[in-house]
Amino acid sequence: CTGIAFKGSGTNLAAIVIASDNNPNLNPRKLYIDNVFGEAKPVTVAEVRDDGAWTPSLSKLHFSFDPAPCAGEYRYAVGTTAGGTNVRGWTICGQATDVLATGLSLTQNQNYYMSVEVGTGNDTWGGWVSSNGIKVAPGVTIQEAKALADGTDPDTKAIRGKAVSAVFSGFFYIQDTAGHSGIKILSPASVAAGDEVDVCGVMQGSDAERYLDCTGNPVMTTTPGPGIPPAAAMSAVSLGGTELNSYTPGVVGGVGTNNIGLHVTVFGNVTALGSGFFYLDDGSAPSDPRIDPGTGQPYVGVRILSSASVGLDEYWTATGVSTLESDSGNLIRTVRAANAQRMQ
């Protein structure tokens with residue numbers, strides 16, 4: 001299948017004759033018809049789309065393109081220049097138009113280009129079309145990310161090889177597979193608790209809950225992952241902890257190590273009920289500065305964000321993520337529960 005372009009001017013298409021100057025030695029060969037000639041055009045894809053400006057992974061790149069007419073198959077290459085093949089030479093991908101190239105050896109802060117050619121049969125290929133380039137974000141640990149000020153696009157950082165601990169609408173949490181550091185990831189990406197992910201974005205949330213804003217950047221997922229990180233049993237008074245650094249505060253009355261973003265389990269008696277939340281106290285009786293409208297006194301215990309059907313004075317456990325809420329300038333202990341259960 002070959003595209004034909006007609007060129008010329010003043011053409012009398014009602015009286016077309018084949019001219020005598022059809023020269024087989026011309027390359028590309030041109031067949032003149034009166035003063036119109038047809039010239040073979042290579043079949044190509046319209047464009048190659050990558051995942052944006054930044055990617056987090058050192059071994060994977062994702063790209064896609066729309067099907068081309070008459071395509072028998074496609075092949076792709078990866079390079080540090082448009083059309084380049086120095087990272088991966090031409091590789092057949094069949095009829096796939098959405099490709100995740102794996103097993104690559106990529107370098108931080110380097111731009112990479114994915115190029116695609118269309119196979120039209122008999123081992124012939126159209127001209128290549130390249131993506132506009134995507135850069136691998138420099139990597140940091142979770143603790144290093146929390147030590148960064150709120151940033152903009154040039155400050156994009158990657159956090160690699162972490163386990164997803166909990167998933168909520170529009171965001172999820174990741175955690176070290178060996179260690180006790182977790183962080184919120186703002187992203188619409190579809191992930192499951194227990195997956196391994198590489199993410200990239202800019203830090204936000206100074207003076208509140210820190211998070212990596214990955215909006216517009218890909219999340220690279222590896223499944224099966226390491227599984228959900230074990231939840232750390234946490235006393236109510238220890239939840240949240242003290243200030244980590246000048247950008248990452250603790251909670252009001254915080255005790256011990258900062259644990260915002262950590263996968264935790266808390267337990268205790270239900271001391272108060274609200275719309276979409278309840279309070280648990282394990283006897284350590286941390287005070288919440290907000291006022292319980294039922295008693296007119298400050299809440300006692302830890303606020304649990306959950307839609308579970310709970311009764312006062314029942315004994316419950318809640319497993320989720322240590323987070324915080326802001327009220328009148330106070331940062332208050334909170335658990336964003338993924339699971340809550342009544343204990344008999």
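Start at 1 with the first residue, then count along the sequence. Scope of the values below: all heavy atoms of this structure, side chains included, with no hydrogens, waters or symmetry mates.
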At what distance, to the nearest 0.5 angstrom, does [atom1] of [X] lie from [atom2] of [Y]?
X: D292; Y: T271; atom1: CG; atom2: OG1; result: 8.0 Å
X: L212; Y: S187; atom1: CG; atom2: OG; result: 9.5 Å
X: T141; Y: R160; atom1: OG1; atom2: CZ; result: 12.0 Å
X: Y173; Y: R336; atom1: OH; atom2: CZ; result: 4.5 Å
X: N111; Y: S131; atom1: CG; atom2: OG; result: 9.0 Å
X: K184; Y: D213; atom1: NZ; atom2: CG; result: 10.0 Å

State whether the side chain of [X] and the backbone N or O of [Y] hold a donor-acceptor pair below 3.5 Å, judged by distance alone.
X: S130; Y: G83; answer: yes
X: T295; Y: Q297; answer: yes
X: R210; Y: G261; answer: no
X: E73; Y: V118; answer: no
X: K146; Y: G182; answer: yes
X: N259; Y: S238; answer: yes
X: T97; Y: P67; answer: no

Test of ring centre spacing under 6.0 Å for F171 and Y211
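For F171 and Y211, the ring centres are not under 6.0 Å apart.
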
Side chains of [X] and [Y], heavy atoms from C-beta outward: is any pair under 4.5 Å?
X: V87; Y: L106; answer: yes
X: S181; Y: L262; answer: no
X: V129; Y: V116; answer: no
X: W128; Y: Y113; answer: no
X: P218; Y: P56; answer: yes
X: I142; Y: D176; answer: yes
X: V199; Y: K162; answer: no
X: T107; Y: Y112; answer: yes

Heavy-atom closest contact ([X] atom, [Y] atom, distance):
X: T222; Y: K60; value: OG1-NZ, 2.8 Å
X: T242; Y: G256; value: OG1-O, 2.8 Å
X: V140; Y: A145; value: CG2-CB, 4.0 Å
X: P229; Y: A163; value: CG-CB, 3.9 Å
X: M114; Y: D50; value: CE-CB, 3.6 Å
X: A340; Y: F278; value: CB-CZ, 4.4 Å

Are [Y] and [X] linked, directly or through intermediate hydrophobic residues, by side-chain heavy-atom contacts shorter than 4.5 Å (ILVMFWY only)?
X: M203; Y: W54; value: no
X: L104; Y: I134; value: yes
X: W125; Y: V48; value: no
X: V237; Y: I332; value: no
X: V302; Y: L312; value: yes

Other cluster members, F267 - Ile/Leu/Val/Met/Phe/Trp/Tyr, side-chain contacts below 4.5 Å:
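Its cluster partners, ordered by chain and number, are Y315, M343.
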
W90 ring centre to R75 NZ or CZ under 6.0 Å, with the angle to the axis within 45°?
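Geometry flag: set, cation within 6.0 Å and 45°.
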
Are R303 and Y279 in a cation-pi setup, meaning NZ or CZ lies under 6.0 angstrom from the ring centre and within 45 degrees of the ring axis?
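No; the conditions do not both hold, so R303 does not lie above the ring face of Y279.
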
Using the side chain to side chain contact (heavy atoms under 4.5 Å, CB included) definition, which of the options L61, I92, T85, T91 pairs with Y76?
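So the option named by the test is T91.
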
Residue from L239, V300, I304 passing side chain to side chain contact (heavy atoms under 4.5 Å, CB included) with L280:
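Answer to the side chain to side chain contact (heavy atoms under 4.5 Å, CB included) test with L280 among L239, V300, I304: I304.
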
[X] and [Y]: side-chain donor and acceptor closer than 3.5 Å?
X: N258; Y: T248; answer: no
X: T265; Y: T319; answer: yes
X: S206; Y: D150; answer: yes
X: D282; Y: S284; answer: yes
X: T317; Y: Q341; answer: no

So does E325 pair up with R333, basic N to acidic O under 4.0 Å?
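Not counted as a salt bridge, because no side-chain N and carboxylate O are separated by less than 4.0 Å.
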
Identify whether the distance between the nearest side-chain nitrogen and carboxylate oxygen of D66 and R49 falls below 4.0 Å.
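A salt bridge is present here (some side-chain N lies under 4.0 Å from a carboxylate O).
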
Start with the C-alpha distance between H263 and I228, add both sets of side-chain angles, then the distance that settles side chain to side chain contact (heavy atoms under 4.5 Å, CB included), and finish with yes or no.
CA-CA 9 Å; H263 192 220; I228 301 173; 3.5 Å; yes

When you look at L100 and M220, which way does the side chain to side chain contact (heavy atoms under 4.5 Å, CB included) test go after all the steps?
CA-CA 10 Å; L100 179 65; M220 294 297 188; 4.1 Å; yes

Apply side chain to side chain donor-acceptor pair (under 3.5 Å) to the pair N269 and W316, showing each step before the final yes or no.
CA-CA 6 Å; N269 289 315; W316 280 68; over 6 Å; no

Could you walk me through whether I260 and L324 pass the side chain to side chain contact (heavy atoms under 4.5 Å, CB included) check?
CA-CA 7 Å; I260 301 299; L324 49 77; 3.8 Å; yes

Residue pair L58, V136: steps toward the side chain to side chain contact (heavy atoms under 4.5 Å, CB included) verdict
CA-CA 7 Å; L58 291 171; V136 178; 3.8 Å; yes

Check step by step if side chain to side chain donor-acceptor pair (under 3.5 Å) holds for N86 and T80.
CA-CA 7 Å; N86 58 308; T80 52; 3.1 Å; yes

I'd like to check the ring-ring contact (aromatic ring centres under 6.0 Å, His included) partners of F65; sequence neighbours left out, ordered by chain and number.
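In terms of ring-ring contact (aromatic ring centres under 6.0 Å, His included), with neighbours along the sequence ignored, F65 is linked to Y74.
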
I'd like to know whether E144 forms a salt bridge (charged side-chain N to carboxylate O under 4.0 Å, His left out) with K157, so could you lay out the CA-CA distance, the side-chain angles of the two residues, the decisive distance to 0.1 Å, and finally the verdict.
CA-CA 10 Å; E144 288 169 343; K157 296 292 186 289; over 6 Å; no

